[in-house]
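Letters A, B, ... are given to chains in the order of the sequence lines, protein chains preceding strands, and every chain is numbered from 1.
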2 protein chains.
Amino acid sequence: MAAKKKTQFAILGLLSWKPMSGYDVKKLVDVGLSHFWNENYGQIYPTLDRLVADGLATKKSDHASGKRRRFVYTITRKGKKAFRTWIEAPTDAPIVRNELQLKFFLSSGLPAIDSVRLIKQHQGAQRAALAEYRHSEAVLREALQNDAVSDELDELMTMTGTDSQSRKKQLNTFYLTLRHGIHIIEARLAWCEEAITSLGADLANTET
Amino acid sequence: MAAKKKTQFAILGLLSWKPMSGYDVKKLVDVGLSHFWNENYGQIYPTLDRLVADGLATKKSDHASGKRRRFVYTITRKGKKAFRTWIEAPTDAPIVRNELQLKFFLSSGLPAIDSVRLIKQHQGAQRAALAEYRHSEAVLREALQNDAVSDELDELMTMTGTDSQSRKKQLNTFYLTLRHGIHIIEARLAWCEEAITSLGADLANTET
DNA sequence: TCAGACATGTAAGTCGTTACATGATTCA
DNA sequence: TGAATCATGTAACGACTTACATGTCTGA
């Protein structure tokens, strides 16, 4: 029939940390999961309502005291159970749609110089991403070593609802998740170097 | 409104090598692009018809001489132009949906031992994939060095319609594409090691 | 003969993106 | 006062997956 409703579990997992709104969900996904996951409002709000319909979460208006209207979703016991079941179920292999690789593969009939141009653009984007990740890595590493979070991190920790006991564990999870992103980007950059060298040799052979 | 019709260009790119059927398209995608792309029949056949409707390809019955019924699609001049335009257009960043990373990130509230189990399963799957890739790598490397393709490869080269002049270039593209997959899998495995070590230290700290 | 590969297609349902629509609050 | 951020949602349109449906040919 159809796919696996992973959006539901992703949101359920975030709610298992702390009750939050659709807006909070979006922000946390963007900040914490962006290099291997993404969700958008068009998915999030309907999914939250569905979670409620399925009894996995409850919806409460948090509109009091002259504040903005805001709906906070809280995971139920049934929701926690469903989340645990999902965690323990077999995990699908990573799904990747890499347009650069697709273009590179398909453009084998074109001059090598075109492929090199393609790869160099990609290389630039990956280097920029790496620089950002390296910054976050430094911030997290410092927090882990000094056992004290910076202002920058404090907001994130508040959003996740982490209490002080589990803070270090949560930080380490963030750190390791980021390390995964760094490993992947470095792998892509290593490939760029290798491919450019290989195609450069081609160019030298055919053009001299 | 909606997404970018990359399936169309992926198929167009394959047709730019050689006229082929929907079945051929599926096989080539599975063999050559599987670690960074996938298509299925439910996409392929409608897309091929759409390509024809848009004047980017033509459809011919290849049903003669007691053979099976078979429809072969041929790229048109307009199709080639559209393909070139796509190649030269800005390339989207890779899109990844990594369920393992998602689970790992979300399960930070669970005991470290659960995370370790999760990662070890993933590690096993990645090791198996690496072994397969290593085999293909050896086959391709040999073909490149000896300038002679094995039987195993010959079928692939026939499918792609490569003539003898561009054969070496085509082989090198296959090789580099595969190298990308190997870089990525190695990065994932390196992360697994790192994460298990880190979580192992946690376990030692909290359980002794 | 019979399994496996060849070959084409549809139906149903979900996923996912983008644009649109609307409005409140905060802070410089 | 006006830009940025907070906040919620819908509509339209593809994209994507899976199961189903059907039939042929080849080679062990």
Side-chain angles (χ1 to χ4, degrees), chain A residues 1-11 19-31 33-34 36-54 59-73 92-93 95-97 99 102 155 158-159, chain B residues 1-11 19-31 33-34 36-54 59-73 92-93 95-97 99 102 155 158-159:
Chain A
M1 293 163 198
K4 282 129 193 170
K5 306 173 194 180
K6 291 181 197 164
T7 296
Q8 273 187 56
F9 293 109
I11 293 179
M20 58 181 85
S21 69
Y23 194 83
D24 294 336
V25 167
K26 171 69 169 152
K27 212 164 60 170
L28 266 179
V29 170
D30 286 350
V31 171
L33 291 75
S34 60
F36 59 84
W37 208 261
N38 62 81
E39 300 291 353
N40 48 61
Y41 292 125
Q43 283 285 102
I44 291 170
Y45 286 111
T47 300
L48 281 168
D49 285 339
R50 192 166 165 183
L51 250 28
V52 173
D54 292 349
K59 182 179 188 173
K60 264 186 296 185
S61 176
D62 182 25
H63 195 189
S65 64
K67 285 278 170 187
R68 287 180 191 107
R69 93 175 170 146
R70 185 164 179 272
F71 297 103
V72 174
Y73 293 81
D92 283 353
I95 295 165
V96 181
R97 288 215 125 193
E99 195 180 9
L102 180 66
E155 205 198 319
T158 304
M159 282 206 310
Chain B
M1 284 154 211
K4 281 129 191 171
K5 305 171 195 184
K6 289 179 198 166
T7 296
Q8 272 186 60
F9 293 108
I11 293 177
M20 60 180 84
S21 68
Y23 194 82
D24 294 337
V25 166
K26 171 70 170 152
K27 211 165 60 171
L28 266 178
V29 169
D30 285 350
V31 171
L33 290 74
S34 59
F36 59 85
W37 208 262
N38 63 81
E39 301 290 353
N40 49 59
Y41 292 125
Q43 281 288 99
I44 291 169
Y45 287 110
T47 300
L48 281 168
D49 286 339
R50 192 167 166 181
L51 249 28
V52 173
D54 293 348
K59 181 180 189 173
K60 262 186 298 184
S61 176
D62 183 24
H63 195 189
S65 63
K67 285 278 172 187
R68 283 180 192 110
R69 91 173 171 149
R70 185 164 179 272
F71 297 104
V72 174
Y73 294 81
D92 284 353
I95 295 165
V96 181
R97 289 214 126 192
E99 196 181 5
L102 180 65
E155 205 199 319
T158 304
M159 282 206 312

Spacing of A/R70 atom CZ relative to C/dT26 atom P, expressed in whole Å: 13 Å
Distance below 4.0 Å between A/K6 side-chain N/O and D/dT17 OP1 or OP2: no
Short side-chain N/O contact to C/dC15 OP1/OP2 from A/Q43, under 4.0 Å: no
N/O (side chain, A/Y23) to phosphate O (OP1/OP2, D/dC6) under 4.0 Å: yes
Whether A/D30 side chain and A/K27 backbone form a donor-acceptor pair below 3.5 Å: no
Under-4.0 Å side-chain N/O to phosphate OP1/OP2 contact, A/R69 with D/dA7: no
Any donor-acceptor N/O pair, B/K26 side chain to B/N40 backbone, under 3.5 Å: no
Separation of atom CG in A/D92 from atom C1' in C/dT14, rounded to whole Å: 15 Å
Sugar-phosphate, base or nothing in reach of A/K26, heavy atoms under 4.0 Å: nothing
Residue A/K27, side-chain atoms from C-beta onward, closest of D/dC6, D/dG9, C/dT8: D/dC6
Sugar-phosphate only, base, or nothing, as touched by A/G42 at under 4.0 Å among non-hydrogen atoms: base
Short side-chain to backbone donor-acceptor contact, B/R70 and B/M20, under 3.5 Å: no
B/T7 vs B/E39, side-chain contact (heavy atoms from CB on, under 4.5 Å): CA-CA, chis, key distance, verdict: CA-CA 7 Å; B/T7 296; B/E39 301 290 353; 3.1 Å; yes
side-chain N/O A/Y45 vs D/dT8 OP1/OP2, d < 4.0 Å: yes
Nearest-Å distance for atom pair CG/C1', residues A/N40 and D/dT10: 13 Å
B/S21 vs B/R97, nearer the 5' end of DNA chain C by closest nucleotide: B/S21
